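Accompanying notes for the structure given below.
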Amino acid sequence: MSVDLSTPEAAPPRGVSTLRLQVRRFAANRLAMASVVVLTLIVLACFFGPYAFPFTGEDADFDFISAPAELSWPHLFGTDEYGRDLLVRVLEGGQVSLTIGFLGALAAGGIGVIYGAVAGYAGGRVDGLMMRLVEILYGFPYVILVILLSLLLGGGNMALFAAIVFTLWLTPAVIVRAQAQSLARKEFVEAARAGGMTGSRIVLQHIVPNCISVVIVYGSLLVPEVILSESFLSFLGIGIKEPQASWGNLISSGTSAMDSDLRLLLLPGTMLAIVLLCLNFIADGLRDAFDPNDR
Amino acid sequence: MLRFIGKRLWHGGLTLAALVTLTFFVMRLAPGGPFSRNRKISPEVQANIEAAFHLDEPLWQQFGRFVWGVLRLDLGPSTRHRDYSVNDLIASGLPYSLTIGFWAIVIAALVGVAFGLAGALRRNSATDYLAGTIGVVGIAVPIFVIGPLAQAFFSLRLEWLPVGGITEGWRSLVLPILVLALPNIAYISRITRTSMIETLRENHVRTARAKGVGWRRVLTSHVLTGALLPVIAYLGPATAAVITGSILIETVFAVPGIGRHFVDAALNRDYPLVMGITLLYGSLLILFNIATDVVRAILDPRIRHER
């Protein structure tokens, strides 16, 4: 007789893990959950939407130059003055903006976490030096730094990305350092040290994982910041350049065509605003879920 | 207190020196130069022009020349705008940038604090929701989207205000100031609301109430002093936000201020102008950060005695 493994035994009263509680709290936040859904839809639309059209955002259609937005196939939202499809350009621009946003936040967050964890764990003179550097960089006007860096790196997507990451890792570093400082004094870290664990392994295996919840909360705020920086630089003509589309340069060209045709501005502007709104709501929801005291 | 200010000034000076040095070398190392984009000119002429601007000297010598210039408050001639010195260009642009930035901060502080107070005192009222909505919109919708939309609506549709430029006196500054104020209104009202709600829960406020102090008195002398501290602390970041914003605002509304000058100068590798504006923005930001710290230290003794 075989034992039916799938039959659940009389389950002992199970404790709810902190993470599960946090996820549950987040899921109860309707605004945040709605934002997750909307954002997912936008991401899917940006990455898969362009395949539904027989052309790319850089193809000019000379039969439809400056076509109006009449929701008629194939140019649903019309075309710009070169006959390029507006909707496809906005979706392709979204790919760039969203990719830079998420990767940038990940990179800036990663650098900040490591830097902050090392400084906080090391303490003493190392910490003082590392934090003095952060303090000096904090005193810089952010715009100047990001503009100069993207020029130094020769323009283009990678330069833009690097410049943004370089200017945005400071806040996570400061936050993680505070967390790491208090962790470094905990008994389990002392135990690890007594057991002969090296400093770098303690940082990676004990300090960093214990900072994760703080990092998630503040990291989620980095995504809209990166997207904003990217579109801001592209708007000024420093970031992503034509013919490649990004929300920033689409808004910029929409602005110059504003008096004749407002939709060139409205479509990318609305998309950017919706994405930023969703990301802000999600970040708020995460903060409430992970840190309920701080309302 | 004097020691505190002195220490802050010393750190501020170090930061400024680091900023200026970094900017100088980053700018020179960036590909391209001030005269490399022009139409083909003969190598002799090119060499002559570069010699006239001392671009042929080794980098460290150029840097020394720049530092010496800064000490004499002479930032040299612009490489882009012929016959203009950097001092002239900054002097012509600064009044516009300062006017717009100053009024944007004043309006943002007044409106933001008012919204935040109203929201905290009447939680979940219509005012609270209105303030919350403005807060969300102001934070999420960037200036370079709101600006053009405001132009389209108030200038092109209603024709109330000029689209841009500075030809119509104060009327041309209304839209730039309001658009620049909006994100700061959002931040300030958020900060005020949270810190008001926190302060209202504090023990000393409850004690004052329990001892029979009038509500108005409690608000003015027990709640506001504490609740406005974070708002004052925001003054430093607000300066940074206004500097960033002014670059966008001046682009959108075609204001010939120094923000737009900076972007053009950076794109055209106008080294002296970039250095001049960096120096100016950097000192402004650092001074405001110090001023913020000093005001906070006066209001809150705990900060003064740190470290």
Side-chain angles (χ1 to χ4, degrees), chain A residues 31 132-133 135-155 159 221 224 227-229 231-238 247-248 251-252 254-260 262 264-266 268-281 284 294-295, chain B residues 11-12 14-19 22-23 25-32 136-137 139-149 151-153 155-157 163 194 197-198 236 239-241 243-248 251-252 259-260 262-263 266-267 269 274 277-278 281-282 284-286 289-290:
Chain A
L31 195 56
R132 176 57 51 80
L133 177 67
E135 216 171 277
I136 287 178
L137 288 178
Y138 247 129
F140 286 5
Y142 160 76
V143 229
I144 292 189
L145 205 58
V146 79
I147 288 178
L148 290 178
L149 283 174
S150 58
L151 289 180
L152 173 69
L153 301 168
L221 271 175
I227 293 185
L228 198 58
S229 306
S231 48
F232 154 68
L233 289 173
S234 303
F235 177 82
L236 288 177
I238 294 169
W247 286 342
I251 290 171
S252 166
T255 309
S256 39
M258 174 174 78
D259 47 344
S260 60
L262 203 54
L264 287 176
L265 166 67
L266 276 179
T270 316
M271 287 288 273
L272 176 62
I274 292 177
V275 165
L276 292 176
L277 270 179
C278 287
L279 287 167
N280 272 300
F281 286 141
D284 280 356
D294 183 41
R295 265 169 217 252
Chain B
H11 283 177
L14 283 185
T15 307
L16 190 63
L19 169 69
L22 186 77
T23 309
F25 288 102
V26 162
M27 206 57 213
R28 303 289 161 137
L29 293 177
V136 165
V137 170
I139 289 173
V141 188
I143 287 179
F144 52 89
V145 176
I146 292 187
L149 287 182
Q151 284 175 322
F153 189 69
S155 310
L156 298 176
R157 183 70 52 85
V163 184
T194 344
I197 290 174
E198 261 166 32
T239 316
I243 289 177
T244 312
S246 75
I247 290 182
L248 289 169
T251 306
V252 171
R260 186 61 225 180
F262 180 77
V263 179
L267 285 174
R269 307 290 188 274
V274 168
I277 297 177
T278 305
Y281 273 163
L284 265 181
L285 182 60
I286 289 165
N289 279 334
I290 294 174

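Please read these numbers as outputs of a predicted model, since none were measured by experiment. Numbered from 1 within each chain, the chains take letters A, B, ... in sequence-line order.
- Smallest separation of non-hydrogen atoms from B:Thr15 and A:Ile136: CG2-O, 3.4 Å.
- Looking at A:Ile147, only its side chain comes within 4.5 Å of chain B, counting heavy atoms on both sides.
- Contacts of A:Leu266 with chain B are made by side-chain atoms alone, with heavy-atom separations under 4.5 Å and no backbone atom involved.
- Here A:Ser252 pairs with A:Phe235 under the side chain to side chain contact (heavy atoms under 4.5 Å, CB included) rule; sequence neighbours left out.
- Interface residue A:Ile144: backbone and side-chain heavy atoms are both found under 4.5 Å from chain B.
- In terms of non-hydrogen atom pairs under 4.5 Å with chain A, the most contact-rich of B:Ile286, B:Thr251, B:Leu248, B:Asn289 is B:Leu248.
- Chosen from B:Val141, B:Leu19, B:Val136, B:Thr23, the residue pairing most often with chain A at heavy-atom distances under 4.5 Å is B:Leu19.
- By the 4.5 Å heavy-atom criterion applied to side chains, A:Ile238 and B:Val263 are counted as neighbours.
- Within the 4.5 angstrom heavy-atom criterion, atoms from both the backbone and the side chain of B:Tyr281 approach chain A.
- Between chain A and the options B:Leu16, B:Ile143, B:Ile277, B:Thr278, heavy-atom pairs under 4.5 Å are most frequent for B:Thr278.
- For A:Phe232, the parts sitting under 4.5 Å from any heavy atom of chain B are the backbone and the side chain alike.
- The side-chain heavy atoms of B:Phe144 and A:Leu236, taken from C-beta on, include no pair separated by under 4.5 Å.
- Residue A:Ile274 does not touch chain B at all, counting heavy-atom pairs closer than 4.5 Å.
- Considering only heavy atoms from C-beta on, A:Leu265 comes within 4.5 Å of B:Leu149 through its side chain.
- Between the CG atom of A:Leu228 and the CD1 atom of B:Ile139 there is a distance of 11.5 Å, given to the nearest 0.5 Å.
- Between chain A and the options B:Ile146, B:Leu284, B:Ile247, B:Ile243, heavy-atom pairs under 4.5 Å are most frequent for B:Ile247.
- Evaluation of the side chain to side chain contact (heavy atoms under 4.5 Å, CB included) rule for B:Val26 yields A:Leu148, A:Leu152, B:Leu22 as partners, not counting sequence neighbours.
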